[in-house]
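The basis for the numbers below is simple: all heavy atoms, side chains too, and nothing from hydrogens, waters or symmetry mates. Please read these numbers as outputs of a predicted model, since none were measured by experiment.
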Amino acid sequence: MLGLKSRTDVAWVDRVEQHVDEVLVDHAHCEKKAAGTALNMIFSYVERVDVVESLVEIVKEELDHFRLILGVIGRRGIAFRGQPQSAYGHRLGEHVRTTEPDKALDRCVVAALIEARSCERFILLRDHLRDPDLAALYGSLVESEARHHGLYLRLAQRFVPESAVRRRFEELATLEASILAEPGPLPRLHA
Ligand SMILES: [Fe+2]
Ligand SMILES: [Fe+2]
């Protein structure tokens, strides 16, 4: 799905259901980080007006998602707090190269992969969560994650040719699947 090299087992949803509060807090942090990722890219490539306009849209949408999940957390009486993160994002980030345009390419591809995995898992949550309100919440977020995935891949093509984007996507998608294949100790959206 969306170029991912592995499929999340539906048993992952059971784990989410056993730790809903913790996963919702993780989700809020993920949306905040997604906004931060796009904002950091604006700072890095601010002279690229064509790139910046798309990134602004992503920042706005991710912040809306952040506020949405904060609202859900508040209504459920869950305390929003800092919590240990899964290693997923950090481990993917270690593969971002340091010289341009490889760096821009890798940042876009890593972001595209994270969006794709979120989308894949939101579909599972939409289809299998027993709590109808939460299932509807995740269903409402599927489209935007799929769109962000496509958008980051198109942004990558503003920096390097399409063939280079495809090649790097294949490499990093394989890596992404291998990172998730090692089960993380914490109940998280990306673990
Ligand atoms: Fe989002
Ligand atoms: Fe997103």
Problem set entry | Cluster link V56 to M41, ILVMFWY, side chain under 4.5 Å | yes
Problem set entry | Close side-chain approach of D50 to Y45, heavy-atom, < 4.5 Å | no
Problem set entry | Heavy-atom side-chain proximity of L141 to I69 below 4.5 angstrom | yes
For this session: Applying side-chain contact (heavy atoms from CB on, under 4.5 Å), run through H29 and Q85 and close with a yes or a no.
Result: CA-CA 9 Å; H29 286 294; Q85 301 173 13; over 6 Å; no
Problem set entry | Heavy atoms of other groups near R67 CZ, more than 12 under 6.0 Å | no
For this session: Return the set of residues passing salt bridge (Lys or Arg N to Asp or Glu O under 4.0 Å) with R167 (not counting sequence neighbours), or none when no residue passes.
Result: none
For this session: Check whether the side chains of H65 and E31 place a donor and an acceptor atom closer than 3.5 Å, and report yes or no.
Result: yes
Exercise. Okay, side chain of N40, backbone of G36: is any donor-acceptor separation there less than 3.5 Å?
Worked result: yes
Quiz: residues 171-184 side-chain donor-acceptor pairs under 3.5 angstrom, not counting sequence neighbours:
unit_1 : atom_1 : unit_2 : atom_2 : d
E171   : OE1    : R168   : NH1    : 2.6
T174   : OG1    : E170   : O      : 2.9
E176   : OE1    : R117   : NH2    : 2.8
E176   : OE2    : Y88    : OH     : 2.6
E176   : OE2    : R117   : NE     : 2.9
S178   : OG     : L175   : O      : 2.8
E182   : OE1    : R91    : NH1    : 3.1

Seminar exercise, completed: Across all chains, not counting sequence neighbours, the ring-ring contact (aromatic ring centres under 6.0 Å, His included) partners of H148 are none
For this session: Rounded to the nearest 0.5 Å, what's the gap from CG on L113 to NZ on K5? Could you check?
Result: 10.0 Å
Exercise. Who pairs with Y138 by ring-ring contact (aromatic ring centres under 6.0 Å, His included), at least two apart in sequence or on another chain?
Worked result: H27, F122
For this session: Report the C-alpha separation of K103 and E100 in whole Å, then their side-chain angles, then the decisive distance to 0.1 Å, and conclude whether the salt bridge (Lys or Arg N to Asp or Glu O under 4.0 Å) test is met.
Result: CA-CA 5 Å; K103 185 175 178 179; E100 298 292 2; 5.1 Å; no
Problem set entry | Backbone N/O of H190 and side chain of S86: donor-acceptor pair under 3.5 Å | yes
Exercise. If you look at every heavy atom in F159 and P101, which pair is closest and at what distance?
Worked result: O-CB, 3.9 Å
Seminar exercise, completed: Interatomic distance, CG@L189 vs OG@S118, rounded to 0.5 Å, equals 6.5 Å
Exercise. Taking only residues at least two apart or on different chains, which pairs with a member in residues 146-157 satisfy salt bridge (Lys or Arg N to Asp or Glu O under 4.0 Å)?
Worked result: E61-R147, E143-R147
For this session: Could you point out which residue of R81, R188, H19 forms a side-chain contact (heavy atoms from CB on, under 4.5 Å) with V25?
Result: R81
Exercise. In Å and rounded to the nearest 0.5 Å, what is the CG to CD distance from D21 to Q18?
Worked result: 13.0 Å
For this session: Start with the C-alpha distance between Y152 and I58, add both sets of side-chain angles, then the distance that settles side-chain contact (heavy atoms from CB on, under 4.5 Å), and finish with yes or no.
Result: CA-CA 10 Å; Y152 272 116; I58 297 180; 3.7 Å; yes
Problem set entry | Between T37 and R107, a side-chain donor and acceptor under 3.5 Å | no
Problem set entry | Backbone of D106 reached by a side-chain donor or acceptor of R97 within 3.5 Å | no
For this session: Drop me the distance from I114's CD1 to C119's SG, to the nearest 0.5 angstrom.
Result: 14.0 Å
Problem set entry | Over 12 foreign heavy atoms within 6.0 Å of CZ, R7 | no
Exercise. Are F80 and V23 connected in a single hydrophobic cluster, I mean Ile/Leu/Val/Met/Phe/Trp/Tyr linked by side-chain heavy atoms less than 4.5 Å apart?
Worked result: yes
For this session: Quick one: do V52 and F43 satisfy side-chain contact (heavy atoms from CB on, under 4.5 Å)? Show the steps, please.
Result: CA-CA 9 Å; V52 165; F43 276 89; over 6 Å; no
Problem set entry | E53 vs V49 side-chain heavy atoms within contact, under 4.5 Å | yes
Problem set entry | Nearest-0.5 Å distance that lies between atom CG in L151 and atom CD in E57 | 9.0 Å
Exercise. CD1 of I42 to CG of L55: how many Å apart, nearest 0.5 Å?
Worked result: 5.0 Å
Exercise. For residues E120 and T8, is any side-chain donor paired with an opposing acceptor at under 3.5 Å?
Worked result: yes
Exercise. Of V110, V160, V96, which meets side-chain contact (heavy atoms from CB on, under 4.5 Å) against L105?
Worked result: V160
Please tabulate, for side-chain N and O atoms in residues 127-135, each donor-acceptor pair with protein atoms closer than 3.5 Å (sequence neighbours left out).
unit_1 : atom_1 : unit_2 : atom_2 : d
R130   : NE     : E17    : OE1    : 3.3
R130   : NH2    : E17    : OE1    : 2.8
D131   : OD1    : D133   : N      : 2.9
D131   : OD1    : L134   : N      : 3.2
D131   : OD2    : R76    : NH2    : 2.7

Exercise. Less than 4.5 Å apart, any side-chain heavy atom of L186 and any of P84?
Worked result: yes
